[in-house]
Number of protein chains: 2
Amino acid sequence: MNQPSLCTAPLLDISALRSSCSSCSMHQLCLPMGLEEADMQRLDRIIGRRRVRRDDTLYRIGDKFSSLYAVRVGQFKTYQANPDGAQQITGFQMSGELLGMDAISTDTHQCDAVALEDSEVCEIPFSRLEELFSDIPTLLRHFHRIMSKEITREQSVILLLGNMRAEQRFAAFLVNLSARYAARGYSPTNFQLRMTREDIGNYLGLTIESISRMLSKLKKDGMLKVSNRDIELVDLAALKIVATGAEVCN
Amino acid sequence: MNQPSLCTAPLLDISALRSSCSSCSMHQLCLPMGLEEADMQRLDRIIGRRRVRRDDTLYRIGDKFSSLYAVRVGQFKTYQANPDGAQQITGFQMSGELLGMDAISTDTHQCDAVALEDSEVCEIPFSRLEELFSDIPTLLRHFHRIMSKEITREQSVILLLGNMRAEQRFAAFLVNLSARYAARGYSPTNFQLRMTREDIGNYLGLTIESISRMLSKLKKDGMLKVSNRDIELVDLAALKIVATGAEVCN
DNA sequence: CGAATGTTTGAAGGTGATCAAATGGGGTGG
DNA sequence: CCACCCCATTTGATCACCTTCAAACATTCG
């Protein structure tokens, strides 16, 4: 599946699978950020593209690590399972974001990655990426930035889970999504949730019922409109205030 | 302070500050892991040693990033502060563990690092470390493992905060400490907590009162003995079961 | 149309937080 | 060495937030 086949694909555009880093709209956010054209092409040559259908697994806990993945189109969730079977979503990944960095230390994937919708990823064989590092210092430096950013991101999740109340967690979640959509050129106020309420609840350390109640409350307070998975953040500024933990007198 | 001065130090052994990676008992756990003697000496040459007194700050949020730090002696805590002032401890670092990796992405420290006791760190100027990467592939590979491990560690904190009950969180915390002391050649069952109950509570997303109650409960259940900060894990196996979330009928 | 899945809403209950007070240790100065 | 104070910790009582349980409702898909 790494090489695009010649037969027509029913749902996805074949030309997208052929396209390179240079032509990818995400290259400013993604691994090739800041590379010169020639270096970008070298990187391009080691990368394979791959489709992942909704609900399909990109990799599982325990799988041998061989590649990192960059989301090209679509969204993913990654989750850990603890010994007693309960699972915890540790992140939602959007286009331009890298998956699999937690596998480097043990050579084994430490979480499951599942597509939230029909998606495409760029598969980056890690050993070949390592070969490039010695030749392209910019690439190495940016790779370190990306891993560091992942550490920072997880720290904010820890902050969220460790000392925010339910409403604050949910507002922070929405504000975060908003910013990430905006960074990709989409509306910061109108978007679709790609994950179920259950996924959101799991991620935020809350139950599905609590998520539903938070949605209803924020709707009642006039901060957002919601219809199924379509969200409109009517008052993003107010949401940001809630997300910072300001007390509201009701 | 990077160079040991010639005057006698009142509390700490000067010879310790002179010592190199090769003579450091932590070099199997730390950055130089797996390096040949010659490479270890090259790494050694860029590293400065530094003392940090209890409650002193190694770096603060917003500080310009220039060095990573390896804990040589002692322990640290790192915490984030959210906009409204509440803080959240994201980790406790022991000897051989690396601090500051979250600063690489923005060139600015993203958390505060404070010594829990009189400590020593190895200061590793990052730009000079980067120069070594191109010459010592083993070093680069190990650095990636360390960053990846930090990502994995934070994921388990997310799991802990996201779906464990108070008792389970606290048991998991003790079991984790136990394993890390054991890895350093100390007793896995008898050790001293270097942090306050308040720090533990903050880290685990619980109040100080809850931590105190958990201690009392586990003591009553015969799993541990506690006297101030001295802990004896009387029944480590049972603690591990609690940490995995098994339901106990009381 | 019916079944399955996902979502909303309500009522009751539990876990851990909050508030309050007592206890204990460690450090300082006499 | 002791008295004192300060701070950390423990313990108890009450409360609030969120969970759990339950049922109705909506949506999707065969």
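Side chains are part of it too, since the values below use all heavy atoms of this structure and drop only hydrogens, waters and symmetry mates. A note on names: the letters A, B, ... follow the listed sequences, proteins ahead of strands, and every chain is numbered from 1.
The CE-C1' distance, from B:Met164 to D:dT19, rounds to 18 Å in whole Å. Atom-to-atom, CD of B:Gln168 to C1' of C:dG16 comes out at 15 Å; the value is rounded to the nearest Å. Rounded to whole Å, atom P of D:dT9 lies 13 Å from atom CG of B:Asn202. At whole-Å resolution of the value, NZ in B:Lys217 and P in D:dT11 are 14 Å apart. C:dG16 atom P lies 11 Å from atom CZ of B:Arg213, rounded to whole Å. A straight line from CG of B:Leu204 to C1' of C:dG16 spans 13 Å, rounded to a whole angstrom. Straight-line distance from the NZ atom of A:Lys219 to the C1' atom of C:dT9: 12 Å, rounded to whole Å. Computed from coordinates, the B:Ile200 CD1 to D:dT9 C1' distance equals 11 Å when rounded to whole Å.
At a threshold of 4.0 Å, the pair B:Lys77-B:Asp199 counts as salt-bridged, since one of the basic side-chain nitrogens sits closer than that to a carboxylate oxygen.
Of the residues listed (A:Glu120, A:Glu123, A:Glu97), the one engaging A:Arg72 in a salt bridge (charged side-chain N to carboxylate O under 4.0 Å, His left out) is A:Glu120, and it is the only one. Put simply, the residue from B:Arg54, B:Arg194, B:Arg229 that forms a salt bridge (charged side-chain N to carboxylate O under 4.0 Å, His left out) with B:Glu117 is B:Arg194.
Taking only distance into account, the side chain of A:Arg54 never meets the base of D:dT28 through a donor-acceptor pair shorter than 3.5 Å. Donor-acceptor pairing under 3.5 Å, judged by distance alone, is absent between the side chain of B:Arg169 and the base of C:dG16.
For the 3.5 Å distance criterion, the side chains of B:Gln75 and B:Ser119 fail to qualify, holding no donor opposite an acceptor. Checked by atom type, the side-chain pair B:Thr90/B:Glu154 shows no donor-acceptor distance below 3.5 Å.
Under the 4.5 Å side-chain criterion, counting only non-hydrogen atoms from C-beta, A:Leu58 is not in contact with A:Asp112. The side-chain heavy atoms of A:Val114 and A:Phe76, taken from C-beta on, include no pair separated by under 4.5 Å.
Within the nucleic acid shown, A:Gly205 comes within 4.0 Å of sugar-phosphate atoms alone, with no base atom in reach, counting heavy atoms only. No engagement by B:Ile211 is indicated, since no non-hydrogen atom pair under 4.0 Å with the nucleic acid exists.
In this structure, B:Asn163 contributes its side chain and A:Asn202 its backbone to no donor-acceptor pair below 3.5 Å.
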Taking only nitrogen or oxygen atoms into account, show me every contact under 3.5 Å that the protein makes with nucleotides 13-15 of chain C, one pair per line with its distance.
{"from": "C:dT15", "atom 1": "O3'", "to": "B:Arg165", "atom 2": "NH1", "distance (Å)": "3.0"}

Extract from the structure each pairing of a protein N or O with an N or O of nucleotides 3-7 of chain C at less than 3.5 Å, listing the distance.
{"from": "C:dT7", "atom 1": "OP2", "to": "A:Arg197", "atom 2": "N", "distance (Å)": "3.2"}

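Mapping A:Asn228 and A:Ser210 onto DNA chain D by nearest heavy atom places A:Ser210 closer to the 5' end of the strand.
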Q: With side chain to side chain contact (heavy atoms under 4.5 Å, CB included) as the test, would you mind laying out the steps for A:Tyr59 and A:Cys111 before giving the verdict?
A: CA-CA 8 Å; A:Tyr59 54 74; A:Cys111 62; 4.1 Å; yes
Q) Under the side chain to side chain contact (heavy atoms under 4.5 Å, CB included) criterion, do B:Gln110 and B:Asp102 qualify, and how do the steps go? A) CA-CA 6 Å; B:Gln110 300 295 308; B:Asp102 54 347; 3.7 Å; yes
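Side chain of B:Glu209, nearest nucleotide from D:dT20, C:dC19, C:dG16: C:dC19.
Checked against the 6.0 Å centroid criterion, the rings of A:Phe92 and A:Tyr203 qualify as a close aromatic pair.
The rotation axes computed at either terminus of the helix from C:dC1-D:dG30 to C:dG30-D:dC1 lie 40° apart, taking five pairs at each end and rounding to 10 degrees.
How far CD1 of A:Ile151 is from CD of B:Glu150: 5.0 Å, rounded to the nearest 0.5 Å.
B:Ser216 has a side-chain polar atom (N or O) that falls below the 4.0 Å cut-off from OP1 or OP2 of D:dT11.
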